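For reference, the structure discussed in these notes is given below.
Quantities reported herein were computed from a predicted structural model and do not represent experimental measurements.
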Amino acid sequence: MDSRYNHSSVEAKWQKIWEDLRVFRAAGETGRPKRYVLEMFPYPSGRIHMGHVRNYAIGDVVARVFRMRGYDVLHPMGWDAFGLPAENAAIDRGVPPARWTLENIAYMKGQLKKLGLSYDWSREVTTCAPEYYKWNQWFFLKMLDRGLAYKKVSVVNWCPSCETVLANEQVEGGRCWRCDAAVVPKELSQWFFKITAYAEELLADCDRLTGWPERVLTMQRNWIGRSSGVEVRFPLAEPVPGEKEIGIFTTRPDTLYGVTFMSLAPEHPLVEPLIAGLPEAEKVREAAAMMRAEDRIARSAEGGEKHGVFTGRHAVNPLTGRKVPIWVANFVLPEYGTGAIMAVPAHDQRDFEFARKYALPIEVVIGPPGVPLDPKTMAEAYTEPGVLVNSGPFSGVSSQEAKEKISDHVEAKGLGERRVNYRLRDWGISRQRYWGTPIPVVYCEKCGIVPVPEKDLPVLLPEDVSLTGKGASPLAATDAFAAAPCPACGAAARRETDTMDTFVDSSWYFLRYTSPGRDDRPFDSAEAERWMPVDHYIGGIEHAVLHLLYSRFFMKVLRDLGLVSAGEPFESLLTQGMVIKDGAKMSKSKGNVVDPDALIEKYGADTARLFSLFAAPPEKDLDWNDRGVEGAHRFLGRLWRLVSENREWMLKDAGRRPAGDETGDARKLRRSTHAAIKKVTEDFDRGFQLNTAIAALMEHINVLTRFAADSSLGPGSATDVRLSFVEGVETLVVLLSPFAPHISEEVWAELGHATLAAMEPWPAADPGLVRAEDVEIVVQVNGKLRSRLTFPAGTPEASLREAALADPKIRPQIGGRPIRKVIVVPDRLVNVVV
RNA sequence: GCCGAAGUGGUGGAAUUGGUAGACACGCUAGAUUCAGGGUCUAGUGGGCCUCGCGCCUGUGGGGGUUCGAGUCCCCCCUUCGGCACCA
């Protein structure tokens, strides 16, 4: 055994052995309990970054520990391989997207292998492979069949830089989630997945996801945005051909008596019929057009300028008979509720501001009990609960109660119905891009939209496409692809040339891993039953509402298609923090990037893994620090030295364990060993607190190292000391093996073991050994620490009390004052209250 | 504005049920190794006072409170980060 540790040769050696022995294949045995450990698969951008290293190191420890605990572990890896960067590479450098992607995958796979991650590579999944995206198309057809996929013209979020549409979830603060360009509105005909059909269930099931971080659930709940209220129909006051009423949605039916005007979104279909023929029509038309053209962000930002225009028409409040003017207002959103609102300026801040600006009447219908509000002097809307006034038969009723009573009244009179509204919009999946899954439909002049028959799947993405980055979608410009016969009548027709959002790919990949080879169906239901749900899903918080919501939706759709029985894909979720350096997220532009290849080259994969796990708890941001990396590396060096210096004599005792009647040094060594087992095991079970688990291993090695240095440890030492030391070192190696697997295997072998450390059973702590024999009792006077005494564990309260009061350091502190109380916490402290 | 998370030494972070604050690591200081450097090892390291005793005071963003005892529980406030942001 060399006196210095050579990480390069050792790491390569064990990676090959693991691979040759197929150690990490999921067995699929029914006799053992299963664990499905999954990390979010990467986009093959070219190279892995430190965020990946951290993510995959965490997941690998989880997978390895469960394996050692006897579970049949599924721990797969794959590639989220469709996406825009591949097209950009093609445009910038003329490399075909497929080639660029596959080359990146090959390189990154090599990087992951160099990290010693325990993946079952036989299940590798690549989403840009036709064998994979065929099933995206198949799901699309199933959803089309069930009305869960549909096409409509709508105003969409257009990213001018990516030249494609974005789903609502993919717009962050008015900017593209990927390239940060300002998003603009654009009217397009698009395919949608009807995620709103599952809004209620997606919301309700958040309560069942007890293994998820609360903040992610909060974000999902907010995103779904359920609100319940009433839809009320307001008849038009003047005759308008073909129209007779305006439907509005409100969550405040208790304020119905305070309506003083109505506001329509400028996009509302009623605007044109209302104004047609009126003298002010042209003015209103122009104003509405300007509002529609307003910058989307400015229009939806709070504090943004509210403005509007009077249509010249009126509606009638169905409860009071009062005639109120109909306005068009920029702040009314066309896609929420009915795109029209009743305005109650006294009790809604937006309506209040609008009313003040245009001198519209303000009528108070709710007030704090006994304090009349005066509309003339109000500085803002009164939105708190209160008691109804000026509300006909409902005056005097609390606003809380009035909500129900007025809703009942509205329904009874046939004026409207209770309704639930969601902020969640349907998921627009059309992308005007090349490198994605073709949407399997054909447009026929005679037959209309015709789905591609299942037997003709996959609709292959053509490879000989010219990508210029200019003009229309690349597929639309490729006649060989776009021209196709109608599947129904055979006439010349055109294919859909949009591709699917890549989030479709990642919405079910975890199911594909359970049976990646199936070519007759997306996955084998029996295998999915065995492995699903994913027990531990680990990845970045940035997918809190994107990927994680879409996957939940898909799972429910697949359940309703009868393909799976579970309705939730991820039992528990760990959102790991970002990797930070010099106060900022690592990025090329900031020049604070740490390259994993260079790190592995210099220190080895074990060091890279260990530091990623040690520097912070998994869910918190990790501050990268090169000195800290050195520290992790030194720890491994100490292990190596400890073993190499004692190896010779330890070999004779390999695998032997002490008898159990140890005292003195042997007992102390054993206590350290079993305390380490207990701590590492508990930290792992307590939400994967891997940083403190590693600290416990460091404490243990410090005990072993110090002992080896202080005593003349060797073949001549007493048997119980030798065996306790061997137990300490061997246990350390086994406990460390999930964190730093390569050095652990090497040291394990050097200690005379023919087995793999990775396959060793996880050790169990002996509680009798962990318990300390002597404990230090803290003695306090009035809660302040005054003395420390050592006692055997389990000393009775009375003895502790007596000894504390007799303590020479305590007596002067009491100073003859009367003792009011003595609190004794066994094995911990005595507090004398005077 | 609303929702959520957090605030502990020079730094990253521990403290699991209200019971010794600062585990572990980095950094720093001193020493050892025939000491160029590096490596390795040992000791010390929250702040302040000091009669240098294994002494006293103080200390977990700030201010109150509950308690024999609070980093931990309650109330108010401040700061930072993340999400949502005219959703009727």
Partners passing side-chain contact (heavy atoms from CB on, under 4.5 Å) against A/Met698 (at least two apart in sequence or in another chain): A/Phe614, A/Phe635, A/Ile694
Pull out every protein N or O sitting under 3.5 Å from an N or O of nucleotides 32-37 of chain B, one pair per line with the distance.
none

Between the protein and nucleotides 70-73 of chain B, are there any N/O to N/O pairs under 3.5 Å, and if so, what are the atom names and distances?
none

side-chain contact (heavy atoms from CB on, under 4.5 Å) partners of A/Arg356, counting only residues at least two apart: A/Phe352, A/Ile362
Those residues that, when tested against A/Lys357, pass salt bridge (Lys or Arg N to Asp or Glu O under 4.0 Å) (two or more places apart): A/Glu305
Parallel, tilted or perpendicular, as decided by the 30° and 60° cut-offs, for the rings of A/His7 and A/His633: perpendicular
Dot-bracket line, read 5' to 3' along RNA chain B, where crossing pairs take [ ] and | marks a partner on another strand, Watson-Crick or G-U under 3.5 Å: (((((((..(((......[....)))(((((((.....)))))))((((.....))))..(((((..]....))))))))))))....
Contacts of A/Gln780 that satisfy side chain to side chain donor-acceptor pair (under 3.5 Å) - sequence neighbours left out: none
Under 4.0 Å protein heavy-atom contacts per nucleotide of nucleotides 21-27 of chain B, with B for base, S for backbone only and - for none: --BBSSS
Pairing residues for A/Asp207 by the salt bridge (Lys or Arg N to Asp or Glu O under 4.0 Å) criterion, not counting sequence neighbours: A/Arg221
Partner set under salt bridge (Lys or Arg N to Asp or Glu O under 4.0 Å) for A/Arg786, not counting sequence neighbours: none
Test side chain to side chain donor-acceptor pair (under 3.5 Å) applied to A/Thr705 - qualifying residues, sequence neighbours left out: none
All salt bridge (Lys or Arg N to Asp or Glu O under 4.0 Å) counterparts of A/Arg647, not counting sequence neighbours: A/Glu750
